[in-house]
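For reference, the structure discussed in these notes is given below.
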Number of protein chains: 2
Amino acid sequence: MNTQQVTGPEWRPIATVDVVLMTIREERLEVLILRRAAGPFAGEWALPGGYLRPEEDMSVEAAAERVLREKAGLPPQHLEQLQVFSGPDRDPRGWSISCALLALVPCASIEGAIAEGCRLQPVDDLLQGPGLAFDHDLILGEAIRRLRGKGGYSTLPAALVGDEFTLSELRGAYEVVLGIGIDKAVFRKRMLDLGVLEETGRTTRIVPNSRPAMTYRLRDGVRTFDRQVGSASSPVRPEGKVRYQP
Amino acid sequence: MNTQQVTGPEWRPIATVDVVLMTIREERLEVLILRRAAGPFAGEWALPGGYLRPEEDMSVEAAAERVLREKAGLPPQHLEQLQVFSGPDRDPRGWSISCALLALVPCASIEGAIAEGCRLQPVDDLLQGPGLAFDHDLILGEAIRRLRGKGGYSTLPAALVGDEFTLSELRGAYEVVLGIGIDKAVFRKRMLDLGVLEETGRTTRIVPNSRPAMTYRLRDGVRTFDRQVGSASSPVRPEGKVRYQP
DNA sequence: GGAATAGTGTCTATTAGACACTATATG
DNA sequence: CATATAGTGTCTAATAGACACTATTCC
């Protein structure tokens with residue numbers, strides 16, 4: 001316990017950020033974790049995080065971006081606050097408040113830039129495994145819930161593909177996030193009718209021996225829809241699978 | 001500035017909670033505000049809030065409930081985290097982190113219990129007015145955005161009516177939150193088909209000289225739907241207005 | 001019966017979903 | 001030509017929305 005813990009306005013809690021960086025690799029949702037070098041839970045796997053620094057960080061978002069720069073060498077495609085986790089017992093060093101943030105990136109932008117001691121782990125494996133340090137399993141669970149929930153009625157999954165993408169790639173991201181198959185014609189009509197995309201004018205071929213596809217970019221930032229994309233009743237179609245590293 | 005602000009792990013920011021307590025009164029959305037007695041912005045209107053207290057508060061949610069007990073004498077019907085506001089400049093006392101929370105209550109449960117120096121103010125008036133202390137206008141704006149956004153596809157507005165309510169009362173809450181008129185037949189079918197309500201078996205009459213209505217309660221906590229309730233194209237129907245204090 | 005609100009039935013325009021079909025590239 | 005994916009057209013079942021209609025209470 002920490003001797004700084006006295007009651008009154010001069011008392012202050014430990015303040016940190018924890019970042020859930022998610023990406024799609026090989027058609028699976030993966031999370032960046034690292035083996036803690038020091039401090040509590042040294043040697044165990046945990047989410048990247050750290051203390052707030054008054055001189056460097058202008059906000060919790062800035063602190064999260066600093067952490068990600070150190071661990072994955074990148075600014076994320078999308079970063080949003082997830083939830084505050086707080087209390088006297090979640091950190092053995094004392095009463096703490098941690099702002100958890102969800103970061104999304106296309107896989108291609110971090111592979112190779114991942115720092116020593118870090119790795120990408122499929123979320124499904126992680127939910128079974130021996131568990132993360134602190135209350136990070138709880139934080140991870142909340143991140144997955146948020147992504148799955150918000151992913152169905154927003155352009156959030158677009159942050160998991162590159163700036164420029166084909167409709168098949170985008171659909172693949174939605175399918176991985178939502179865990180369902182989505183009919184390509186329905187998806188195409190929905191996305192284009194929503195007006196959240198714009199053509200780049202360029203085409204790409206996803207695989208050889210096939211027709212090239214138009215590429216698109218997001219017209220704006222993340223937007224929300226008033227209806228869910230796809231449905232749980234859609235069968236998972238074989239064509240639904242799309243390669244992200246052709 | 002505070003001399004505690006030195007770089008390094010022993011440094012800690014000011015940590016507070018700010019609560020946006022919303023309710024519906026006279027068919028308008030209202031917010032609890034108070035005139036600051038001391039400290040920065042003394043004499044100005046602000047959202048209720050306060051320091052985290054290590055001995056009393058087990059979490060930010062508990063701190064928010066304590067603040068609400070002091071100012072409005074109640075545990076809220078619904079309490080959820082909104083967003084963290086943080087940075088070196090938002091509080092003149094130094095680098096601060098504030099967890100903003102959204103609290104919803106039926107109006108009847110707080111009228112009379114509101115503490116000295118506090119008042120309920122319609123949100124629309126507040127958005128025009130001279131503005132709140134700190135960055136509380138920003139926090140209020142985020143609270144309204146959250147309520148309007150989430151209100152359309154969840155049972156969140158139910159927290160603004162009593163535990164037991166008629167479908168007309170509930171529909172009225174949705175109409176106030178969303179700012180649209182909702183057809184009563186459509187609303188009835190949607191809500192009952194969703195299976196989020198259960199009959200209490202008791203009936204109430206909203207006004208004299210009319211047929212009594214069945215009352216319902218929420219089957220669970222807040223649930224989300226995959227489709228928006230109502231639509232912007234619905235005309236505001238005269239019958240849509242419902243009295244909350246008959 | 002009159003007034004007021006609760007609750008139901010019906011029609012229609014829209015659309016999600018399913019799926020067949022055409023188009024365009026490579027080899 | 002075959003192959004593989006992009007992109008389009010069509011049909012259907014489901015339903016949101018509009019609105020008329022019936023039901024139940026108090027006066």
Side-chain angles (χ1 to χ4, degrees), chain A residues 152-153 164-172 174-175 178 180-195 197 199-216 225-244 246, chain B residues 152-153 164-172 174-175 178 180-195 197 199-216 225-244 246:
Chain A
Y153 55 87
E164 227 171 281
F165 48 81
T166 67
L167 281 170
S168 285
E169 287 172 334
L170 185 60
R171 181 164 52 93
Y174 274 88
E175 289 178 327
L178 300 178
I180 60 173
I182 304 175
D183 183 276
K184 73 174 170 172
V186 172
F187 183 79
R188 168 175 236 95
K189 252 186 296 184
R190 285 274 282 121
M191 279 298 153
L192 296 181
D193 288 354
L194 283 166
L197 304 181
E199 292 190 0
T200 63
R202 285 178 291 277
T203 56
T204 308
R205 71 189 53 76
I206 303 294
V207 297
N209 274 35
S210 80
R211 176 174 171 177
M214 175 60 63
T215 63
Y216 297 82
F225 322 140
D226 63 346
R227 280 179 149 77
Q228 190 101 1
V229 171
S231 78
S233 64
S234 306
V236 177
R237 299 174 65 76
E239 212 193 335
K241 300 302 175 185
V242 162
R243 286 174 232 161
Y244 286 91
Chain B
Y153 55 88
E164 228 172 280
F165 47 81
T166 67
L167 280 170
S168 285
E169 287 173 335
L170 185 61
R171 181 164 52 91
Y174 274 88
E175 289 179 327
L178 300 177
I180 60 174
I182 304 174
D183 182 277
K184 74 174 172 175
V186 172
F187 183 79
R188 168 176 236 94
K189 251 186 297 185
R190 285 274 281 123
M191 279 298 151
L192 296 181
D193 288 354
L194 283 166
L197 304 181
E199 291 190 0
T200 62
R202 286 179 289 279
T203 57
T204 309
R205 70 189 54 75
I206 302 293
V207 296
N209 276 30
S210 81
R211 175 175 171 175
M214 175 60 64
T215 63
Y216 296 83
F225 323 139
D226 63 347
R227 279 180 151 77
Q228 189 102 2
V229 172
S231 78
S233 65
S234 307
V236 178
R237 300 173 63 77
E239 211 193 336
K241 300 302 174 184
V242 164
R243 286 177 232 159
Y244 285 90

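Every chain is numbered from 1 and lettered A, B, ... according to where its sequence line falls, protein lines coming before strand lines.
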Closest non-hydrogen atom pair, B/Arg227 against B/Arg190: O-NH2, 3.1 Å
Give every pair of a protein N or O atom and an N or O atom of nucleotides 8-11 of chain C that lie under 3.5 Å apart, one pair per line with the distance.
from: C/dT8; atom 1: OP2; to: B/Arg188; atom 2: NE; distance (Å): 3.2

B/Arg211: partners by side chain to side chain contact (heavy atoms under 4.5 Å, CB included), with sequence neighbours left out: none
Interatomic distance, A/Arg227 CZ vs C/dT15 C1' [rounded to whole Å]: 8 Å
Contact state string [nucleotides 22-27 of chain D, B base, S sugar-phosphate only, - no protein heavy atom under 4.0 Å]: -BBBBS
Presence of A/Ser168 side-chain N/O under 4.0 Å of D/dA6 phosphate oxygens OP1/OP2: yes
Which atom of A/Ile182 lies closest to which atom of A/Leu178, heavy atoms considered: CD1-CD1, 4.5 Å
Sole candidate of B/Arg188, B/Met191, B/Lys184 that passes side chain to side chain contact (heavy atoms under 4.5 Å, CB included) when paired with B/Arg171: B/Lys184
Non-neighbouring partners of B/Glu199 that pass salt bridge (charged side-chain N to carboxylate O under 4.0 Å, His left out), sequence neighbours left out: none
Nearest-angstrom distance from the residue atom CG of A/Leu178 to P of C/dG17: 12 Å
Protein-nucleotide distance (A/Gln228, atom CD; D/dA14, atom P), rounded to Å: 20 Å
Set of residues satisfying ring-ring contact (aromatic ring centres under 6.0 Å, His included) with respect to B/Tyr153, sequence neighbours excluded: A/Tyr153
Shortest non-hydrogen contact between B/Glu169 and B/Phe165, atoms and distance: OE1-CA, 3.2 Å
Least distance between heavy atoms, B/Glu164 atom then B/Arg202 atom: OE1-NH2, 2.8 Å
Nearest-Å distance for atom pair CE/C1', residues A/Met191 and D/dA6: 17 Å
Rounded distance (Å) that lies between atom P of D/dA14 and atom CG of B/Asp193: 14 Å
Euclidean distance, atom CZ of residue A/Phe225 to atom C1' of C/dT15 [Å, nearest integer]: 16 Å
Length of the CG-P vector between A/Leu170 and D/dG7, whole Å: 12 Å
Atom-to-atom span, CE of A/Met214 to C1' of C/dT24 - whole angstrom: 13 Å
Partner set under side-chain hydrogen bond (donor to acceptor under 3.5 Å, both in side chains) for B/Thr200, not counting sequence neighbours: B/Thr215
